[in-house]
There are 2 protein chains.
Amino acid sequence: MGRPKARVSMADVARLAGVSSQTVSRVSTGHPGVVGSTRQQVLDAMKELGYRPNSAARALKSGQFRTIGVILFTLSTTGNSRTLEAIATHAALEGYAITLIPVAVPTQDSVLGAFTRLGELAVDGVIVIMEVHLLDSATVTLPPHVQVVVVDSDAGDRYTVVDTDQADGARQAVTHLLDLGHRTVWHVTGPEESFAGERRAQAWRDTLTAAGREVPPPLRGDWSAESGYRAGLRLADEPDCTAVFAANDQMALGVLRALHERGRAVPAQISVVGFDDIPESGSFIPPLTTVHQDFAEVGRHCVQGILRQIEHGETEHGTTLVPTRLVVRASTAPPRPA
Amino acid sequence: MGRPKARVSMADVARLAGVSSQTVSRVSTGHPGVVGSTRQQVLDAMKELGYRPNSAARALKSGQFRTIGVILFTLSTTGNSRTLEAIATHAALEGYAITLIPVAVPTQDSVLGAFTRLGELAVDGVIVIMEVHLLDSATVTLPPHVQVVVVDSDAGDRYTVVDTDQADGARQAVTHLLDLGHRTVWHVTGPEESFAGERRAQAWRDTLTAAGREVPPPLRGDWSAESGYRAGLRLADEPDCTAVFAANDQMALGVLRALHERGRAVPAQISVVGFDDIPESGSFIPPLTTVHQDFAEVGRHCVQGILRQIEHGETEHGTTLVPTRLVVRASTAPPRPA
DNA sequence: TCGGCCAATGTTTACGTAAACATGGCCGCC
DNA sequence: GGCGGCCATGTTTACGTAAACATTGGCCGA
């Protein structure tokens, strides 16, 4: 296909339509003050030439890129990829594009690197999906006019933060098990760098304490099913253990397998609750009782929050918590009478 | 913080350093021909002012955005999000940014819409992660100079295509089961719009036929664990069924649950093989034998392919297949002697 | 009837960068 | 010792768009 010309500019359209390029600009941006017949001529010319506005020129002129950057460490956790998807969808709805800024390793340095690169990137705002104690605001210099929204953090005083209500979710999980009659609840935690994990663990501890129950030693996991399996093997050896709260569904899956291999029936002998409600959790053996996270809602709030800052200049920080909901399936039951 | 100035331009740096803005440009782009002492002055001035190059102006001048667009339908499948992650990582390595273009529904219209929007987006190339029979090249007008690489498609004659070697993976799965002594292998397919699913099914059929075995009717799934569960319930009622090949791990999970509920032991009575090797599959009950897909490699080839086109103008199309590998775990065994 | 005003459109300019071209000073060679 | 050439740096210009300002021409009211 012999391409007629590398790129078609407003000037080309203007020439063909017999108007000035400014009139083309007015048509292109939908400004008023162009009479119908002229507008139509311009539109025809645009179509004939296959005109597309040059976004670089627009951005240069307006200082706005209509783009949101998303910094994240990994897409391999359900939450991150689902949140990103929701962000992308809502941003597209508002006419914003998403630029992905992957950070190879979750260290302070690489996050700093991402923020630095950001200065050169064409973004109006940034959403950070990451544990934020990695960000030491004192050493990070954000380019001016770049707004930030953070997921999975407690930095609500410095940034706008959106997150799932981790604490309430954990509380619901533990309360559900206590209500069933379990004396206490064991916990398989996330990795210690994770704020989400930390908060789930804290709420687990608080709920038990508030109910006057003993707090068993937590078992440290790393979100992976494999780590859940290792924890499960140890739990299977705890004669007193009748209820487990795993900090995510993958680890719960590992716990289920360990208990199954050790011949500990779920839920007859031991009840298990997860966190996330990944699509597969309803197909575990047995189907998992878990805490549902609304990632779509988190993504929606992120975009909403960043756009409020970008477009309306609002800089009021604060934390938005998205509610969770316990989904009761078949992995929990009252404890077997001793 | 009283921001000193909204944005710092080369002119500002030039003024402070006492040089011309062109010299600043040369330092900024790393061009030779600037003597050490001058260079240092400029660098100092940049640092003092917090100068960051304006990417919009650069793009306008150079006609290159150093950005790759990724069109995809959903991030909720393991494959898509893992592939995207690899693409983002490799693109970042090459100094390219990734712009996400989510398509709400996988219809021809919305893909067309994405391509149209693309014309206005600041991208040098596009990677499409999607079933491509949705793309009718006759009606799609791509902006000039935008290159395309496609995942999950057979359009190798029109585009550069990168994909997992679906056929070989399925062949390995089926052969493994036949080698164990199973007379034939049942198949739970993906949705019919999926090329990947189609090809796995075709290879399953071909492998059985080539071995002179009977081809049982395939059971249609939709990638979800739930659909696998439904298929599994039906398979549990097939007295002849001793081996099942599910087109992905999620459906295999559903099959496992159905068989478990119906009291059909895996692998003693029925062997199950999946596809994808998601991280959790090693923690299924029992741990799943499955076909490992190297999404990282797919992503790498995508970026490599698109950059070859963008930077070297190569337009030779073709298909790159990334090899798969069977991971044998505990869900397969020889059939019980009749 | 004519001045003024508004609506439609045209002209100029600036956004920040970098290529292309221009300048000036110094060094080496004959 | 003079001149050609080259290296370091400066000046001009263009990329495509859109805001700000300028210019038409027609219509309405006094």
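Chain A is the first sequence line, chain B the second, and so forth, proteins listed ahead of strands; every chain is numbered from 1. Computed from a predicted structure; not experimentally measured.
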**Donor-acceptor contact present, side-chain A/R39 to main-chain A/R26, <3.5 Å** = no
**Request:** Say whether, by atom type as modelled, one donor and one acceptor occur between the side chain of A/D124 and the main chain of A/F65 under 3.5 angstrom.
**Result:** yes
**Prompt:** So how far off straight is the helix from C/dT1-D/dA30 to C/dC30-D/dG1, going by the axes through five pairs at either end, to 10°?
**Reply:** 50°
**Item:** Nucleotide D/dC7, atom P - distance to CZ of B/R39 in whole Å
**Value:** 16 Å
**Request:** Starting at atom CZ of B/R15, determine the distance to atom P of C/dG16, rounded to an integer number of angstrom.
**Result:** 11 Å
**Complete:** Nearest heavy-atom contact between B/V8 and B/L49 is CG2-O, 3.4 Å
**Item:** Chi angles and distances behind the side chain to side chain contact (heavy atoms under 4.5 Å, CB included) call for B/V103, B/I71
**Value:** CA-CA 7 Å; B/V103 173; B/I71 297 187; 3.6 Å; yes
**Prompt:** B/L60 side chain: which of D/dC15, C/dT9, C/dG10 is closest?
**Reply:** D/dC15
**Prompt:** Looking only at atom types and distance, does a side-chain atom of B/H301 sit under 3.5 Å from a main-chain N or O of B/E297, one as donor and one as acceptor?
**Reply:** yes
**Message:** Can you tell whether the side chains of A/R82 and A/E85 come within less than 4.0 Å, N to carboxylate O?
**Reply:** no
**Prompt:** Going 5' to 3' along nucleotides 17-26 of chain D, which nucleotides have protein heavy atoms under 4.0 Å from the base (write B), which only from the sugar-phosphate (write S), and which from neither (write -)?
**Reply:** BBBB------
**Asked** Which pair of non-hydrogen atoms, one from B/A122 and one from B/T67, has the smallest distance, and what is that distance?
**Response** O-CB, 3.3 Å
**Prompt:** Is it true that B/D44 and B/K47 have a side-chain N and a carboxylate O under 4.0 angstrom from each other?
**Reply:** no
**Fill in**
note: A/Q64, atom CD; C/dG16, atom C1'; distance rounded to Å ~ 16 Å
